[in-house]
Structures are given as C-alpha cells and as structure tokens.
Amino acid sequence: MAASCALLYRGLLRTNTNVRVSTVAPLGTTRSECRCFSHAAGEKNTHFGFETVAEAEKAKKVYQVFESVAQKYDVMNDAMSLGVHRLWKDALLHAMHPQPGARLLDVAGGTGDIAFRFLDYVRSVEDRRRRWAARSAQTPSWQEVSENYGADGEAESRGSRAVVCDINKEMLKVGKKKADSLGISSGLSWVVGDAEELPFGDAQFDVYTIAFGIRNVTHMDQALQEAFRVLRPGGRFMCLEFSKVTNPVLARLYDAYSFQLIPVLGEVIAGDWKSYQYLVESIRRFPDQEEFGALIEDAGFLRVQHRNLTGGVVALHSGFKL
C-alpha cells in the first residue's frame, strides 16, 4: 500500500493553564491503576470501543486490556500490521530528526520501540559527526590525544536521554526486559505515569511522542495540555495514531480486515479476543485527521500539521510549542 502525504498548517488558538504535577513513581512501586479528576469521576460517560461506560470505569478497562496483552504486544503488532508498524515508527524518527543532546519523553511507550529508535538515531548522527571531524582534521599530536582521552564518555553522559512513561507497569516490564536483551541502558529511563497527569516538571523535554496510545486516554484534551506543559519552548509534539483511510476501496478492505481478522489473530496469538476487538473499535471512535489537529491546536501548539501514512491508515501529527 502506497503512502500519501498531506500537510495542514494551523494557527494558535489558546494555551493551557492550571495543570497538576505529581512525583515520579519508579518502575516496581505500588501505584493506583488509574487516576481520574474529581470533576469527571462518576459524573460523565465516555466510550470504551463501541461501549458506553462511565469515565472512571474506562481507565480501569484500558489498563486491564494492556495488562492482558503486554506479553504478546510486540508479536501482535507485527502480525496485525504485517510488520508495517516498524516503517511507521521509522517515519516518525526521520521526521523528528533528533540531534545529540535532545531529551525525549515517550508517553504510553511501554515496550520502548520509539525510545530505542530515538537513541539509535542520535547516536548515528553523533557517529557521522565524529567521522566527518576525523576526516577533516589533521593527525593529532600525542599531547592532543592525551588531553582528549575519555572526552567521548563524558560527552555521552551529558547527551541525549529518553524517558519511557506508561501507566501500565506490565507494559513497562516488557519494555525494560527487551532493553536488557538488546543491551540498551545508557540514556534510558522507565517511569510509571499517567498521560493526563504527567509526573514531570514544566519545560523538561525537547520532544514529546505518543504512538498508538492517545486514543486510549479518557480525557484527550488533558493529555494534550500535559504534553504542552512538559515541553520546552521550541519543543515538538509528535503523535502516531490510527486515522481515517482516504481511499474508499482501501477503507472497505481495511474495515473487513480489522473486524474479521484482527480479533481472530488476538485470540490465536494472545489468547484474547475481547482486547483486540476493543482496539479495533477504539480506532473507529478516534477523531479524523482534521478533528485531531484542531484538538492539538486547542492545547496551544503552533504549526500543527499531519502526514498520512499507508493511505491514512495511520497519521503522523506534529506541532510546536513556540
């Protein structure tokens, strides 16, 4: 399936205020499975897939879904997308084009795919810079070699960092185990946290990413405001999410595949039909490209745009805190 691109620039509508900050809950500590704002708990209904539930109940249900699928999450991503999710995530990193020293917050990123790619990307940029510098410089004297010995290690300690934040401890455990197996530890942190009430101070990060996670939050506007709050001035919000397919023929094929095959794959691979039925339904309830772009603007972001991938099956959204 060929990818298509569309750019949409919008102006600033308004900025956010009055957000709450909590302390960081490290991986492995006891923490409530969901935190709901008092004005919403027990008073309003929302959707859980095609089902209508109380807002306070949705967070618990979503937690249970990802707790159930955590161990097979990566395998199912490959099976459901035929591996194309890897290309979508690569496209996110190439669009981001992070530089050494950048700080990333990856929200709802439990298995670490975006964080791993980020660290690999910035290290490849740094390696290229070192090779260019070596080619352009004359052979150093032994005094220069002695003076610079160990400088690379010091630079790495001051370099890029990625923080993976997820409300679901089981997803984080899977991600941390994967990082250990890949030998990834430097520059990487794992934090239990809610997208609607992030446990970080203001203006801490250069890039905020959320891949296939924002449709699962109860209050999307609050999650977007929190993204705005934790970004530094000039920081970038980037979101990969399933969206509205633009081609009518592809849309019909995609619907048939989603509703008839994905729950079956969920049952066969993960032993969980209901969770993947919810995931399919949640995609259909998510706002289309333009509607979601307007929500990003409402949170205060400028230069909001989106790029369709695989005919709109997925959209890459972006905005800047200026």
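Here, residue 1 is the first one in the sequence, and each next residue gets the next number. Note that the structure is a prediction, hence the values are computed from the model and not measured.
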Donor-acceptor under 3.5 Å (Tyr257 side chain, Met80 main chain) | yes
Between Asn308 (side chain) and Gly311 (backbone), is there a donor-acceptor pair under 3.5 Å?
-> no
List the atom of Leu240, the atom of Trp88, and the distance in Å for their closest heavy-atom pair.
-> CD1-O, 3.6 Å
Take Phe228 and Phe237, measure what ring pair (Phe, Tyr, Trp, His ring centres under 6.0 Å) needs, and give me the verdict at the end.
-> CA-CA 8 Å; Phe228 189 91; Phe237 167 85; over 10 Å; no
Rounded to the nearest 0.5 Å, how far does CZ of Phe116 lie from CG of Leu93?
-> 12.5 Å
Closest non-hydrogen atoms of Ala115 and Asp106, given as atom of the first, atom of the second and distance, are N-OD2, 4.1 Å
Any idea which heavy atoms bring Ser258 and Val280 closest together, and the distance?
-> O-CG2, 3.5 Å
Heavy atoms, side chains only, cut-off 4.5 Å: are Leu188 and Leu119 in contact?
-> yes
What's the verdict on salt bridge (Lys or Arg N to Asp or Glu O under 4.0 Å) for Arg284 and Glu281, showing C-alpha distance, side-chain angles and the deciding distance?
-> CA-CA 5 Å; Arg284 298 310 184 276; Glu281 293 175 358; over 6 Å; no
Minimal heavy-atom distance between Val164 and Gly109, with the atoms involved, is CG1-O, 2.9 Å
Correct closest heavy-atom pair for Gly293 and Val304 would be O-CG1, 3.7 Å
Quick one: are Arg123 and Ser186 in side-chain contact, heavy atoms under 4.5 Å?
-> yes
If you round to the nearest 0.5 Å, how far is CG of Asp166 from CE of Met171?
-> 5.5 Å
Considering all heavy atoms, the nearest Gly193-Cys165 contact = CA-SG, 3.6 Å
Can you tell me if NZ on Lys89 sees more than 12 non-hydrogen neighbours from other groups inside 6.0 Å?
-> yes
Taking Ser243 for its side chain and Asp288 for its backbone only, find out whether a donor-acceptor pair lies under 3.5 Å.
-> no
So, Arg307 and Gln289: side-chain donor and acceptor under 3.5 Å apart, yes or no?
-> no
Does the pair Arg117/Asp90 count as a salt bridge with the N-to-O cut at 4.0 Å?
-> yes
Show your working on side chain to side chain contact (heavy atoms under 4.5 Å, CB included) between Glu241 and Val314 and close with a plain yes or no.
-> CA-CA 6 Å; Glu241 191 53 84; Val314 165; over 6 Å; no
Is it the case that one hydrophobic cluster holds both Tyr121 and Phe118, taking links as side-chain heavy atoms less than 4.5 Å apart, direct or via other members?
-> yes
Are any of the side-chain heavy atoms of Pro98 and Leu104 separated by less than 4.5 Å?
-> no
Min side-chain heavy-atom separation Val107-Leu105 under 4.5 Å = yes
Inspect the contact between Arg229 and Asp202 and indicate whether a charged nitrogen and a carboxylate oxygen are less than 4.0 angstrom apart.
-> yes
Just checking, is any N or O donor in the side chain of Arg236 or Thr209 under 3.5 Å from an acceptor N or O on the other one?
-> no
Taking the side chain as every heavy atom from C-beta outward, state whether Asp127 and Trp132 have any atom pair closer than 4.5 Å.
-> no
Give the C-alpha distance, both sets of side-chain angles, the deciding distance and a yes or no for ring pair (Phe, Tyr, Trp, His ring centres under 6.0 Å) between Phe242 and Phe212.
-> CA-CA 7 Å; Phe242 292 105; Phe212 308 112; 4.8 Å; yes
Is any side-chain N of the basic residue among Asp272 and Lys72 closer than 4.0 Å to the acidic one's carboxylate O?
-> no
Centroid-centroid under 6.0 Å between Phe301 and Phe320 rings = no
Drop me the distance from Arg215's CZ to Phe286's CZ, to the nearest 0.5 angstrom.
-> 8.5 Å
If you group Ile, Leu, Val, Met, Phe, Trp and Tyr by side-chain heavy-atom gaps below 4.5 Å, do Trp190 and Ile114 land in one group?
-> yes
CG (Leu309) and CG (Leu87) are apart, to the nearest 0.5 Å, by 9.5 Å
What distance do Ser68 atom OG and Tyr73 atom OH have between them, rounded to the nearest 0.5 Å?
-> 13.5 Å
Quick one: does Tyr276's side chain get under 4.5 Å of Leu265's, heavy atoms only?
-> no
Side chain Lys178, main chain Thr111, donor-acceptor under 3.5 Å = yes
Is there a donor-acceptor pair under 3.5 Å between the side chain of Asp206 and the backbone N or O of Arg103?
-> yes
Is it possible for you to say whether Val75 and Val174 belong to one hydrophobic cluster, with membership spreading through side-chain heavy-atom contacts below 4.5 Å?
-> no
So if you build clusters from Ile, Leu, Val, Met, Phe, Trp, Tyr with side-chain heavy-atom gaps below 4.5 Å, do Val125 and Ile184 land together?
-> yes
Under 3.5 Å, is there a donor-acceptor pair between the side chain of Glu196 and the main chain of His219?
-> yes
In Å and rounded to the nearest 0.5 Å, what is the CG to CG distance from Asn216 to Asn168?
-> 10.5 Å
Apply the test side chain to side chain contact (heavy atoms under 4.5 Å, CB included) to residues Leu295 and Asp221: give CA-CA distance (whole Å), side-chain angles for both, the deciding distance (0.1 Å), then the verdict.
-> CA-CA 7 Å; Leu295 292 174; Asp221 56 344; 5.7 Å; no
Compare all side-chain heavy atoms of Arg303 with those of Ser318 and state whether any distance is below 4.5 angstrom.
-> no
Distance-only, no hydrogens or angles: does the Lys321 side chain make a donor-acceptor pair with backbone N or O of Leu231 under 3.5 Å?
-> yes
Under 4.0 Å between a Lys/Arg side-chain N and an Asp/Glu carboxylate O for Glu126 and Arg130?
-> yes
Start with the C-alpha distance between Ile214 and Met220, add both sets of side-chain angles, then the distance that settles side chain to side chain contact (heavy atoms under 4.5 Å, CB included), and finish with yes or no.
-> CA-CA 7 Å; Ile214 201 162; Met220 200 180 306; 3.8 Å; yes
Do Arg232 and Phe205 touch side chain to side chain, with heavy atoms closer than 4.5 Å?
-> no
Could you please spell out the steps behind the side chain to side chain contact (heavy atoms under 4.5 Å, CB included) verdict for Leu198 and Tyr208?
-> CA-CA 12 Å; Leu198 292 170; Tyr208 172 112; 4.0 Å; yes
Is Leu261 reachable from Leu253 through a run of hydrophobic residues whose side-chain heavy atoms are each under 4.5 Å from the next?
-> no
